[in-house]
Amino acid sequence: MRLGVFDSGVGGLSVLKSLLHAKLFKEYIYYGDTARVPYGVKDKDTIIKFSLEALEFFKEKKVDMLIIACNTVSAYALEILRANAPFPVLGVIDAGVLAVKNSLKDKNSNILVIATQATVNSHAYKQALLQEGFLKVEEKATGLFVPMVEEGIFHGNFLNAAFEHYFKGLEFKPSALILACTHFPLIAQALGEYFGANVKLIHSGEAIALQLQQEFDLKTIQKEATVKFYASSDVKKLERIAKLWL
Ligand code: DGL
């Protein structure tokens, strides 16, 4: 089976990494819209337009299934992509919510969602979690983490200052922290240290790999998978980052 993985840029490599680790597909086609990243500061119509253009790319590549690694796209364009795709399309939000359900038994647990401004504005996570009966959900846009990760800043004083900037006014101590942006798994360790060992970190990539295992009858593949990288700008840079991150 050939799996397509779409992201606004390089961040979706964190999701690809989990998918490769789960060994469920023989072939991967990764496409990052690096010419137009970030999506997280754009409006709904633009995000939908760009996502539909990316869908045409995956149709040409004849993928069997498409994973939307980007939380922002998952928040705004999943339904329209599904309606226009001849193959199944999965987003990371349902998977993240499923992972929360699997790991938090107490519906009164404090859940903090950190994401781009657009994802937060959509309230997609909050609505889905409320529907599952989780009552205490706070969403916070932490957009600065995106360029920091792209600069290779995964820990240290500068990152800690950004944590203070965003989290010092927080009124509760989260039991779960949803890393609702492709880039955030790369600072998971630093976030874990900041919030303390008891906070459960929910990682989109791991969540979607688990959802695929649970909901689709996919068997583990022993053979080495092939991955092809495509980007709307500077594919060499994407390949370089892939070497580092994967
Ligand atoms: N991939 C985006 C997400 O997961 C983050 C980067 C962007 O803003 O495009 O929401």
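The figures here come from the full heavy-atom set of this structure, side chains too, leaving out hydrogens, waters and symmetry mates. First listed ligand is number 1; within each ligand, the first listed atom is number 1.
- With sequence neighbours excluded, the residues satisfying salt bridge (charged side-chain N to carboxylate O under 4.0 Å, His left out) with K236 are E239.
- Listed by chain and number, D7, S8, V37, P38, Y39, G40, C70, N71, T72, T116, C181, T182, H183 each place a non-hydrogen atom less than 4.0 angstrom from ligand 1.
- Not counting sequence neighbours, E164 has no partner by the salt bridge (charged side-chain N to carboxylate O under 4.0 Å, His left out) test.
- Every salt bridge (charged side-chain N to carboxylate O under 4.0 Å, His left out) that E27 has, sequence neighbours left out, goes to R2.
- Classification of E171 and K136 as a salt-bridged pair fails, no side-chain N sitting under 4.0 Å from a carboxylate O.
- Across T72, T46, N71, D33, a single residue satisfies side chain to side chain donor-acceptor pair (under 3.5 Å) together with Y39, and that is D33.
- Neither I29 nor V235 shares a network with the other; the hydrophobic side chains, linked directly or stepwise wherever heavy atoms of I, L, V, M, F, W or Y lie under 4.5 Å apart, form separate groups for each.
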